[in-house]
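Below is one structure, written out as structure tokens; comments come after it.
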Amino acid sequence: MLNLERVYKMRDGLSADLIARVLGGAPKYTLAELEEKYPARDLPDGAFVTRFAPSPTGYMHIGGLYQALVDCKLAQQSGGVFMLRIEDTDTKREVADAVKIIEDSMHRFGLKYNNDEKYGPYYQSKRKDIYHSVAADLLARGLAYPCFLTAEDMEKIRENQKAAGFATGIYGEFARDRDISEEEIIRRLDAGQVPSIRLYSTGNPQQRIFCKDAVRGSIGFPENNEDIVLIKSNDGLPTYHFAHLCDDHFMRTTHVVRGEEWLPSFPLHIQLFRMMGWTPPMYIHTSTIDKIDSETGKQRKLSKRHDPEANVAYFLRDGWPTGAVLEYLGNIAASGYEEAKNKGQVKSIWEYPLRPKKIPISGALFDMKKLEWWAREFIATMPVDELVRHVREWANEYDLQWAARIGENPEYLKNILSIERDNPKRIRKDFITWHQTLDEVAYFWDDLFVQNTEYAFNTDLLRAFLETFDICDDKDSWWNKIVAIASGAGVKNGDVAMNLRVAVTGRTNTPDLYSIMQVMGADMVKSRIGDILK
RNA sequence: GGUCCCAUCGUCUAGCGGUCAGGACAUCGGAUUCUCAUUCCGGUAACACGGGUUCGAUUCCCGUUGGGACUGCCA
């Protein structure tokens, strides 16, 4: 009983009038009204309600995409709901078009969300009424208070704390306005000061609080005693912590998937839910996606400043198949997928169940080579029409020269990309990205063709080939002619073929030579060989 | 400094007290092939360290070391 007293009543609550003044207006809702407005969702047992909640910084991080995929899959496979919530509470960091970039990325990667209006709005900046109503409740119960500390005040406090070797932050004796009287509040308000609303923390760091993570199990922390900001003074918007509390409660989120950088504030969030008497959601703290820093040689999180591949836009620009990126990411979250797919048990990541408990918790290095492998496999198993469509769409958006070139003769590109695609089990895996696909077949255009100057051609063989070459030959006759040339010259069949291959394409490695010549046409074949003979 | 998280081949991982420690990518070798591709075979390669608990530890506990995150009126 004593303990409860300590936890729930440490200062008097503010009067309704004062709460309205402090908040800049009377709260629109009571807690009961909010509960009614956002009722429990009508979903089957075991359905997950998840959300991807990025802040609009004008940039979609690969780690964010990973989390969004996990969220989306969890909801999809359980018959639940996946939401996209924009965390735009930091007015200072707002970037134009940022939301468009996020929505566009979600769309391109096929991450479908369902923002049911009933539980909206989905922009935090439009949910002020909700936050203020909850804050009013806390204020009335003496579990929050208006704080008039300025940025300079706090900076000074922090410096002193550092100098004295104390933990930094606004807590206990450092929380100057923690027990501020109503009279003092009114005086400051009259003087035109605008307060932030701080939590009146009743946590005791000597005690431990245990927080449950779906993957990591129960994690113990010292209780939080910081009077963290709930509502910011400059714009009246909530901090992440308070928004998370209100939004995930009233949106009826069942599972919060977020990065492990949130682990340190986990006890705070549980404290908040307990103060409200609400059941917290289940948490899944994912690991970061890292790389080895080329300068320091140390592992670190993929950063948007140093690593282009941290940005989802990078993969779009280079024309990576979004499905392959998703498979790569999905296989990190559900490592059994790879094997199941190779065994033919499932066809895509969407068919493979993601077990929350199996989501890895140690940081994974981003493996470009493995992504490449996924991409090769992905493109190789794609019908040629789809491949052509993807390549054209990419060119239309990112490479107008290619787009124009393809536009002149779309059939030509299709014929090129159709080479060696008839046998599904033996399709070459030359293609990785849409961009690279085009570069790979550039030699099919005279103005892009680059003659191989390194290769030591045997002009006799080339001349012999030209003499008997007939584009109308079927593959057997064509090959028989090559065999004849080889035996006549006393060289291996492969030598003749290689001379032709390099002469016609400029490369030592290409798909089936006969098919290439058929697609190129007699004139191109003859002129390229002729150029060498000159 | 404090708090918390993490630790199996080079990489991503399987493993939940007894396994020849399995798979995939990468790598190396071989076979097929018009090809430095594909396909098919095969190889090298890992339980960070030290203590416990146990008949028996990769697996459980503690410590060490190493890596990471957080420590804002940013999320």
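Residue numbers start from 1 in every chain, and the chains themselves are labelled A, B, ... in the order their sequence lines are given, proteins ahead of strands.
Using a 3.5 Å distance cut-off with no hydrogens or angles, the side chains of A:Gln124 and A:Asp88 do not pair a donor with an acceptor. A donor atom on one side chain and an acceptor atom on the other are found under 3.5 Å apart for A:Arg258 and A:His285.
By the neighbour-count criterion of 12 heavy atoms within 6.0 Å, atom CD of A:Glu454 is sparsely surrounded, having that number or fewer from other residues, nucleotides or ligands.
A cation-pi arrangement is absent between A:Arg85 and A:Tyr123, since the terminal nitrogen or guanidinium carbon is not both under 6.0 Å from the aromatic centre and inside a 45° cone about the axis.
Separating the C1' atom of B:rA37 from that of B:rA45 is a span of 26 Å, rounded to the nearest Å. Nucleotides B:rC49 and B:rC9, compared at atom P, are 11 Å apart to the nearest Å. Using P as the reference atom, B:rU44 and B:rG10 are 14 Å apart when rounded to the nearest Å. Taking atom P in both B:rG18 and B:rU59, the straight-line distance is 11 Å, to the nearest Å. The separation of B:rA75 from B:rG15, taken at their P atoms, amounts to 38 Å, rounded to a whole angstrom. Using atom C1' as the reference point in both B:rG22 and B:rG30, the two lie 24 Å apart (nearest Å). Spacing of C1' atoms, B:rU8 relative to B:rA57, comes out at 14 Å, to the nearest Å. Rounded to a whole angstrom, the distance from the C1' atom of B:rU38 to that of B:rG23 is 22 Å.
Put simply, CD on A:Glu159 is 13 Å from P on B:rG72, counting in whole angstrom units. For the pair A:His285 NE2 and B:rA69 P, the interatomic distance rounds to 16 Å; values are reported in whole Å. Atom NZ in A:Lys162 sits roughly 13 Å away from atom C1' in B:rG2 (whole-Å rounding). Per the geometry, CZ belonging to A:Arg428 stands 4 Å off C1' belonging to B:rA37, to the nearest Å. The interatomic distance linking A:Trp374 (CH2) with B:rA26 (C1') rounds to 15 Å, in whole Å. The separation between A:Met154 atom CE and B:rC74 atom P is 9 Å, rounded to whole Å. Whole-Å rounding puts the A:Asp430 CG to B:rU39 P distance at 11 Å. One interatomic measurement links the two molecules: CD of A:Glu440 to P of B:rU35, which rounds to 18 Å at whole-angstrom precision.
For A:Thr57 and B:rA75, the shortest distance from a side-chain N or O to OP1 or OP2 is not below 4.0 Å. Between A:Lys429 and B:rC25 there is no side-chain N or O to OP1 or OP2 distance below 4.0 Å. The phosphate of B:rA69 has neither OP1 nor OP2 within less than 4.0 Å of any side-chain N or O from A:Lys301. Look at A:Lys92 and you won't find any side-chain N or O under 4.0 angstrom from OP1 or OP2 of B:rA75. Contact between the side-chain N/O atoms of A:Thr239 and the OP1/OP2 oxygens of B:rC74 is not found at any separation under 4.0 Å.
Taking the charged nitrogens against the carboxylate oxygens, A:Glu338 and A:Lys370 do have a contact shorter than 4.0 Å, which makes a salt bridge. Classification of A:Glu372 and A:Lys429 as a salt-bridged pair fails, no side-chain N sitting under 4.0 Å from a carboxylate O.
A donor-acceptor pair is defined here as one N or O able to donate and one able to accept, closer than 3.5 Å; no such pair exists between the side chain of A:Ser265 and the backbone of A:Leu268.
Here A:Ala167 lies out of heavy-atom contact (under 4.0 Å) with every strand.
Residue-to-nucleotide proximity on RNA chain B shows that, of A:Glu339 and A:Ser335, the 5′-proximal contact is made by A:Ser335.
Considering only side-chain atoms of A:Arg158, the nucleotide from B:rA75, B:rU39, B:rG72 that sits closest is B:rG72. In the set B:rC73, B:rU39, B:rC12, the nucleotide with an atom closest to the side chain of A:Ser233 is B:rC73.
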Next on the checklist: For a quick check, with a 4.0 angstrom heavy-atom cut-off, what is the B/S/- contact string for nucleotides 4-10 of chain B, read 5' to 3'?
Outcome noted: SSS----

Only distances under 3.5 Å count here; give the side-chain donor-acceptor pairs of residues 160-171 of chain A to other protein atoms, sequence neighbours excluded, each with its distance to 0.1 Å.
unit_1	atom_1	unit_2	atom_2	d
A:Gln161	OE1	A:Gly169	N	3.0
A:Gln161	NE2	A:Gly169	O	2.8
A:Tyr171	OH	A:Ala167	O	2.7

Per-pair distances, 0.1 Å, donor-acceptor, side chain in residues 54-68 of chain A, under 3.5 Å, sequence neighbours excluded:
unit_1	atom_1	unit_2	atom_2	d
A:Tyr59	OH	A:Asn311	N	3.3
A:His61	NE2	A:Leu302	O	3.4

